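From a predicted model like this one, the values you see are computed outputs, not experimental measurements.
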Amino acid sequence: MVLKANQITNLLQSEGLLRQNDAIDQPELVLKGVSYNSQAAQPGDLFFIKGNFKAEYLEQAMTKGVAGVVAPVNQALDVAVPVWYVDDPLAAMSIVGMAFYDYPQNDLKLVGITGTKGKTSTAYMMYSILDTATEHKTALSSTISQITGPAPKNHYRSSLTTPESIDLFKSMREAVDNGMTHMVMEVSSQAFKMRRVYGLRYDVGIFLNISPDHIGENEHPTFADYLAHKLMLIDHSDQVVLNVESDHFGEIIERAEDMLPRDGIWLYGQKSEETWSDVAFQTQHADLQGSQFDLVTQDEQGKRLGIADSYQLDLPGDFNESNATAAAIASRLVGADVAAIQTGLSEVKIPGRMQIFNTQKHGTIYVDYAHNYASIAALLQFIRSNETVKILRIVVGAPGNKGVSRRPGIGQAISEAADIAYLTADDPQYEDPAAIADEIQAAIVNPQVEIVREMDRAKAIKSAIKASQPNDVVVLAAKGLDEYQKINGVNTPYANDWEIAQEIVADLES
């Protein structure tokens, strides 16, 4: 795959992004690749200056032999290769990236999922359903992993909820070349804010919910900004699936009605007299292993789907039944039948989500990626309602340099449902984990909650499990199966919460 200079010029001009073109005299110049990381740049690449400009990055890219540069219009460069100066380098990178990889999204049924909580669970549910329906021709882009084909070599660990645009279109191209026909992807608010999905359109968009999160210096300045970027999924979807029980539903449905006809809007929620939806879920049985629920179609719009039936979900929690309903509707809209939906939901496995194991002497241990008020509160309340719990312990921290607004929410969730909180490190980056713990602790206003501080996460987990008795529960929150801690810009190896907990229990009970 290559692009000529005149093709790049035309692409940027057509989007109204180009302000100055230093390649005008070299229209036939061939660019052999696209890159934004100077360490990964290759000879002949078109290199994008996408963020905070550092001269050494550009110098490194030049020594690698890049053949052209896309730069912000306010950044005058003295380089020996053509430069395209643009208003928005991130948007330019997406537009050129999709062209370089020959618009792979056009060969995929694409489903985008956004929400403050539940994106990953819903993505894996949809992946399980569609993988069944398409006979293993479904790709996945999630917080946990990227799957572009059936072979193990096509399964990758993720570093971002939504990859940078060039990486996203590269993985889409790989998926198409591997025979994939569908792709399910999580779409974060940052993906819209940072133009990672600029120019992309979804066959179906799912809006799960919205609550305050990802608000801080390096993310969204306000909740209004956060909501505005979440709502952009509706603008770029041919059909949308919306949760009527979400906070701010009035603003969500108003946006949908402005952008789409009624027959392109699918509403879901729990069956009740208080809320109305096209499709409602109704719990028949639930325990710590999973649940059985019915989907009820309540109007002509819902009946068009033909999914009224009984379903078995291999995950506990009524919040997961809600996510499963969204996954069922969206899967049906892109071709899955009821049998595939039933099979997919009954077999779904989500790495690091609601993983549970029972010990002989130290109670029950939950490992879950819950990382903000909404997800931690739902998890703790679910445990309280389904377990006979003598003491409920939680081991938790919060990331550094991002999501600052979630720290008080974590403290609030602890106040509402935990007995003992072990405050520890969770990807502190350039911040002091003890200072982050201070912010969480300040929001733990329930005087009955005991607080233990241990910034070594493995030691905190060991302390919590060691102190637990047979009728106690320990929740290891936020990190799930993450195999590193982000410390001072370095991904420092970390065994992951599940593995550490199992090793501790094996040692204690041997």
Problem - Donor-acceptor side-chain pairing of Thr116 and Tyr226 below 3.5 angstrom - result: yes
Practice task
Can you tell me which residue pairs pass the salt bridge (Lys or Arg N to Asp or Glu O under 4.0 Å) test with a partner in residues 131-141, sequence neighbours excluded?
Solution key: none
Exercise for the section: Return yes if some donor-acceptor pair links the side-chain N/O of His182 with the main-chain N/O of Thr134 below 3.5 Å, else return no. Expected result: no
Practice task
Spell out, as yes or no, whether a donor-acceptor pair under 3.5 Å connects the side chain of Gln292 to the backbone of His285.
Solution key: no
Practice task
Answer whether the closest heavy-atom distance between the side chains of Lys193 and Asp225 falls below 4.5 Å.
Solution key: yes
Problem - Any donor-acceptor N/O pair, Asp203 side chain to Leu110 backbone, under 3.5 Å - result: yes
Handout entry: Side chain to side chain, Met125 and Leu345, heavy atoms closer than 4.5 Å
Key = yes
Exercise for the section: Classify the side-chain pair Glu347/Ser128 by whether it contains a donor and acceptor separated by less than 3.5 Å. Expected result: no
Handout entry: For Asn209, side chain to side chain donor-acceptor pair (under 3.5 Å) partners two or more places apart
Key = none
Practice task
Taking the side chain as every heavy atom from C-beta outward, state whether Gln429 and Lys402 have any atom pair closer than 4.5 Å.
Solution key: no
Exercise for the section: Spell out, as yes or no, whether a donor-acceptor pair under 3.5 Å connects the side chain of Ser188 to the backbone of Ala191. Expected result: yes
Exercise for the section: Under the side chain to side chain donor-acceptor pair (under 3.5 Å) rule, what do Ser145 and Tyr124 come out as? Steps first, then yes or no, please. Expected result: CA-CA 10 Å; Ser145 61; Tyr124 268 85; 2.6 Å; yes
Exercise for the section: Compute whether any side-chain donor of one residue and acceptor of the other, for Trp266 and Gln239, lie under 3.5 angstrom apart. Expected result: yes
Exercise for the section: Using modelled atom types only, decide if a donor and an acceptor are shared between the side chain of His229 and the backbone of Ala224 within a distance under 3.5 Å. Expected result: no
Handout entry: Interatomic distance, Glu251 atom CD to Ser246 atom OG [nearest 0.5 angstrom]
Key = 9.5 Å
Handout entry: Met180 versus Thr148, closest heavy-atom pair with distance
Key = CG-O, 3.5 Å
Problem - Gln282 backbone acceptor or donor facing Asp294 side chain under 3.5 Å - result: no
Practice task
Locate the shortest heavy-atom distance separating Gly400 from Ile436; write the atom from each residue and the value.
Solution key: CA-CD1, 3.7 Å
Practice task
Look up atom CG in Leu295 and atom CG in Leu305, then write down how far apart they are to the nearest 0.5 Å.
Solution key: 9.5 Å
Problem - Lys/Arg N to Asp/Glu carboxylate O, Arg255 vs Asp235, below 4.0 Å - result: yes
Problem - Any Gln270 side-chain heavy atom under 4.5 Å of Ser322 side chain - result: no
Practice task
Check whether any side-chain heavy atom of Phe207 sits under 4.5 Å from a side-chain heavy atom of Lys230, and report yes or no.
Solution key: yes
Exercise for the section: Can you measure from CD1 (Ile376) to CD (Glu416) and round to the nearest 0.5 angstrom? Expected result: 11.0 Å
Practice task
Just do the side-chain contact (heavy atoms from CB on, under 4.5 Å) check on Thr297 and Asp278 with the steps written out, would you?
Solution key: CA-CA 6 Å; Thr297 51; Asp278 301 319; over 6 Å; no
Handout entry: Closest contact, heavy atoms only, Ile414 versus Ala421
Key = CG2-CB, 3.7 Å
Fill in the blank from the handout: Heavy-atom nearest pair, Tyr127 first then Val184, reads N-CG2, 4.3 Å
Handout entry: Test: Asp419 and Lys390 ion pair at under 4.0 Å
Key = no
Practice task
Could you tell me whether the side chain of Tyr369 reaches within less than 4.5 Å of the side chain of Thr143, counting heavy atoms only?
Solution key: no
Practice task
Consider only side-chain N and O atoms of Thr364 and Asn358, and report whether a donor and an acceptor are under 3.5 Å apart.
Solution key: yes
Practice task
Please assess Gln105 against Leu200 for the test side-chain contact (heavy atoms from CB on, under 4.5 Å), listing each intermediate value before the final yes or no.
Solution key: CA-CA 8 Å; Gln105 70 271 27; Leu200 200 58; 3.7 Å; yes
Exercise for the section: Hey, could you give me each pair passing salt bridge (Lys or Arg N to Asp or Glu O under 4.0 Å) that has a residue in residues 492-510? Not counting sequence neighbours. Expected result: Arg457-Asp497
Practice task
Keeping the roles fixed (side chain from Ser468, backbone from Ala464), state whether a donor-acceptor pair exists under 3.5 Å.
Solution key: yes
Practice task
Go through the side-chain N and O atoms of Ser310 and Gln284 and say whether any donor and acceptor fall under 3.5 Å apart.
Solution key: no
Practice task
Can you tell me which residue pairs pass the ring-ring contact (aromatic ring centres under 6.0 Å, His included) test with a partner in residues 460-510, sequence neighbours excluded?
Solution key: Phe357-Trp498
Fill in the blank from the handout: With sequence neighbours left out, the residues meeting salt bridge (Lys or Arg N to Asp or Glu O under 4.0 Å) with Glu431 are Arg407
Problem - Euclidean distance, Ser142 OG relative to Met185 CE, rounded to 0.5 Å - result: 10.5 Å
Practice task
Could you please spell out the steps behind the side chain to side chain donor-acceptor pair (under 3.5 Å) verdict for Tyr36 and Ser165?
Solution key: CA-CA 10 Å; Tyr36 61 88; Ser165 58; over 6 Å; no
Problem - Any side-chain heavy-atom pair of Val187 and Phe192 under 4.5 Å - result: yes
Handout entry: Short side-chain to backbone donor-acceptor contact, Asp472 and Gln469, under 3.5 Å
Key = yes
Exercise for the section: Measure from the side-chain N and O atoms of Asp432 to the backbone N and O of Ala434, and report whether any donor-acceptor pair falls under 3.5 Å. Expected result: yes
Handout entry: Side chains of Asp314 and Lys349 in contact at under 4.5 Å (non-hydrogen atoms)
Key = yes
Handout entry: Gln190-Thr162 side chain donor-acceptor pair, cut-off 3.5 Å
Key = no
Handout entry: N/O donor-acceptor pair under 3.5 Å between Thr138 side chain and Leu130 backbone
Key = yes
Handout entry: Residues that Tyr268 engages under ring-ring contact (aromatic ring centres under 6.0 Å, His included), provided they are two or more places apart
Key = none
Handout entry: Which atom of Asn178 lies closest to which atom of Gly149, heavy atoms considered
Key = ND2-CA, 4.0 Å
Handout entry: Euclidean distance, Met126 CE relative to Met183 CE, rounded to 0.5 Å
Key = 12.5 Å
Fill in the blank from the handout: Rounded to the nearest 0.5 Å, the CD1 atom of Ile252 sits from the CD1 atom of Ile265 at a distance of 12.0 Å
Problem - Donor-acceptor pair between Thr424 and Glu454 side chains, under 3.5 angstrom - result: no
Exercise for the section: Quick one: do Asn320 and Phe293 satisfy side-chain contact (heavy atoms from CB on, under 4.5 Å)? Show the steps, please. Expected result: CA-CA 11 Å; Asn320 276 321; Phe293 66 97; over 6 Å; no
Exercise for the section: Kindly indicate, with the supporting measurements, whether the criterion salt bridge (Lys or Arg N to Asp or Glu O under 4.0 Å) is fulfilled by Arg196 and Asp167. Expected result: CA-CA 9 Å; Arg196 295 173 195 156; Asp167 300 326; over 6 Å; no
Exercise for the section: State, to 0.1 Å, how close Gly112 and Leu233 come at their nearest heavy-atom pair, and which atoms those are. Expected result: O-CD2, 3.7 Å
Exercise for the section: For side-chain contact (heavy atoms from CB on, under 4.5 Å), just list the numbers for Leu508 and Thr359, CA-CA rounded to whole Å, side-chain angles, deciding distance to a tenth of an Å, and then say yes or no. Expected result: CA-CA 10 Å; Leu508 290 173; Thr359 71; over 6 Å; no
